[in-house]
Amino acid sequence: MTLYAEVILSLPLDQSFSYSVPESCEKRAKVGSRVLVPLGQRMLTGFIVRLRKRRVSPEFELKEIAEVLDEEPIFSISFLSFTRKLCEYYYSSWGELLQASLPPSFILKSKKRITLSERGRAALRDEDLSREETELLRFIQKRSYSALFLKRKFRVRNLSHLLSRLEKKGFILIQKEIAKARKKIFSAAPMSQTQLEIDFSLDAQSREVADQITRRMEKKVFSPFFLYGPPEKREAVYSRLIKEILASGCRVLFLVPEIALTQTLIERFEKKLGEKVALLHSQLSDRKRELEWRKIKEGEVDVVVGPRSALLSPVDHLGLIIVDEEEDDSYYQLESPSYDARKGAWLRAKHEGAALVYGSALPSVEAFYRARKGKYLYCLDSEAREAKVEIVDDRLERGLISSKLEEKISERMKKGEQILVFFNRRGYASYLFCSRCNYISRCIHCDIALTYHKKEGKLVCHYCNYSVVIMNRCPDCGSRMIRERGTGIEAVEEELKTIFPKGRIALFTTDLDKREQERILRNFWTGKIDILIGTQLLAHQVELPPASLIAILFPETILTLSDYRASQKTFQTLSLMMRFLKSGNKAEVIIQTALPHHFSIRQVALEDYFSFFKEELKLRRLMNYPPFSRMAEILFQGENLRNVARKSREFSTRVKSLEGDVDILGPALASVSKVRGISRVQVILKARRKEELDKVLRESLKTIKLRKSVWVYE
DNA sequence: AGCACGCCGACT
DNA sequence: GTCGGCGTGCTC
């Protein structure tokens, strides 16, 4: 009797494909196994998600599975159902998510190899060929190439046309081959005996919290916790919980923000937890990643530490998931397959009956609200400190650096103390314009003005990196009256260098490469820099030597973003910066702003998260933003705006025609309406509950055939 | 996604 | 007439 398999492929489709299982594969074809299957002209790696004894749709002949790639299923049933839930929640493709959870070498697919034939060689000599034909045949003279490579190399739109023509004429050979899977390497690493060195120094309050959580954890049913408190105390509680869970024979998943996994943290973890920990991070090579994946799969690892993608690692017997620094947005993957690892952790813990611990000193308003409401908030008091914070009203100032700030910096410099300056805009000026004809240089690929980078003498697009050498005449009217508008961080540096010519001043931005960034940090640590000026990148550093003066310039660059979370982002970023303040009452912070009365700036100054939370929550309630509603942002993208606009209108009409209590905003051009030549139109949906969004979105997304991304905010 | 097919203007 | 650009629709 024939078996039929339902197979999920890594395509941007919300659909499975059915294949018949040939007798030779019947034993190994199991739910959760990888298979090689034919689809159209290709061979692809898919995943069996269901086996049937009878075929469902008898209308057409099914193809056979070509090969089962695994001896034992690579995905457990519970992992399959968890990932399915996760991508349903975020409207992503299940196949893409499953693929993303595996090392790249586990995915086999056919590739077309193109080789020049003898006749082709002759034709190249003797025959008259079109420009494109000659170009391609010449290119493949020396060696053969894959079709995909050629497609990228030549910007021919319809390569398959060209290739099949050449094949018909006998000029080229097209072979389909499947890259050989590397031999299975089962790293037979011996079970490590490393004793866990865990620090138990918990104060009374932390011990009480840890005990409460432990008691609930022992029941081995899903239970969420939110740990609100400073990093050292959270870490102590985590250590204790990890120990408890390990003792009970379960494993731990520990998620941290992308940027937090620096070498120092990795070393610390290794020391504390020994070899039974797998550390996943972005610098890992494919080879190393595969090795770690296998170690986790084989159960040789008890604790998996990593950024959001670690959520998808194959840990069995999961007893505890920790999501530290819950407020960090790097948990939300915006590229396909998009998902939020914070919600993902919730879903996974629920599936596995595990405990879930979020931790933060600056929780997102949404999570904090839910934790309070759901009665799973646990507070660890931080030691009150009285930082001296002063808000300087910039509207009364003339220069970039207020006289107050200048005075303070000068004082600190005299004492030989270090200063941190935060300003969140790269470049020297937002743009250049001609004061005669008002011409502004814009990016040719994106709908945005080019940012002036004085050091490089360039105008740069911050969206696609396109750049042009700076002009001294207006390209439009030829006038020399080129002016700057909008201050960037390079201008801050220039101004400070003018005021303090002897000061050792450095910039810290993403414009520097990794090595330069490290060099600057080292120099700041060793005291070779007096004033370090940086953007977000600086604020997100895990550690910096404490500074006795921190200057925050124009936080309104974040506050005026068109995002309902702008206040929260401001509060978070400024608080992050203020972590680097030296303790003791001599240290101080200056916030120089044109919005000195805004509540998020005032409450940062008071270091009062709770007041900020209450204020922000009030606004969210008034405006019906999350956590009081759920929002979905749908971004339509395409080469011609006409088509994108038409499809997005079609979509909104469809949504409106469906029954549902959903508000619809747009379609409207996205805030940057074109990026890399792709036009962008967005629609925002708002509803009381996620289910209401689902009801209309599932239906209407299917019918619109255009590249689209969906993001969920809740 | 990637691939084939079919339609249409333009150029030997 | 063919070539090559482009939109459309399907893949078990």
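Lettering follows sequence order; numbering is per chain, from 1.
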Mind calculating the distance between [atom1] ([X]) and [atom2] ([N]) to the nearest angstrom?
X	N	atom1	atom2	value
A:L62	C:dT11	CG	P	12 Å
A:I65	C:dC12	CD1	P	13 Å
A:L39	C:dC12	CG	P	5 Å
A:M43	B:dG2	CE	C1'	15 Å
A:E61	C:dT11	CD	P	14 Å
A:D14	C:dT11	CG	C1'	15 Å
A:L44	B:dA1	CG	P	13 Å
A:L13	B:dA1	CG	P	9 Å

Would you mind writing out the side-chain donor-acceptor pairs for residues 669-682 of chain A within the sub-3.5 Å range, not counting sequence neighbours?
from: A:S673; atom 1: OG; to: A:D447; atom 2: OD2; distance (Å): 2.6
from: A:R676; atom 1: NH2; to: A:Y463; atom 2: O; distance (Å): 3.3
from: A:Q682; atom 1: NE2; to: A:E633; atom 2: OE2; distance (Å): 2.9

| query | Between B:dC3, C:dT11, B:dA1, which nucleotide has the shortest distance from any of its atoms to the side chain of A:Q15? | reply |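 Taking heavy atoms from C-beta onward, the closest nucleotide is C:dT11.
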
Distances under 3.5 Å between nitrogen or oxygen atoms of protein and nucleotides 8-10 of chain C:
from: C:dG9; atom 1: OP2; to: A:K705; atom 2: NZ; distance (Å): 3.2

| message | Among residues at least two apart in sequence or on other chains, which ones pass side-chain contact (heavy atoms from CB on, under 4.5 Å) with A:E23? | response |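 Testing A:E23 for side-chain contact (heavy atoms from CB on, under 4.5 Å), a comparison that skips the adjacent residues, returns A:E26.
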
Which residues pass the salt bridge (Lys or Arg N to Asp or Glu O under 4.0 Å) test with [X], sequence neighbours left out?
X	result
A:E366	A:R620
A:K569	A:D563
A:R689	A:E691

| Can you check whether A:L693's main-chain N or O pairs, donor with acceptor, with A:R630's side chain at less than 3.5 Å? |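 No: the side chain of A:R630 does not pair with the backbone of A:L693.
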
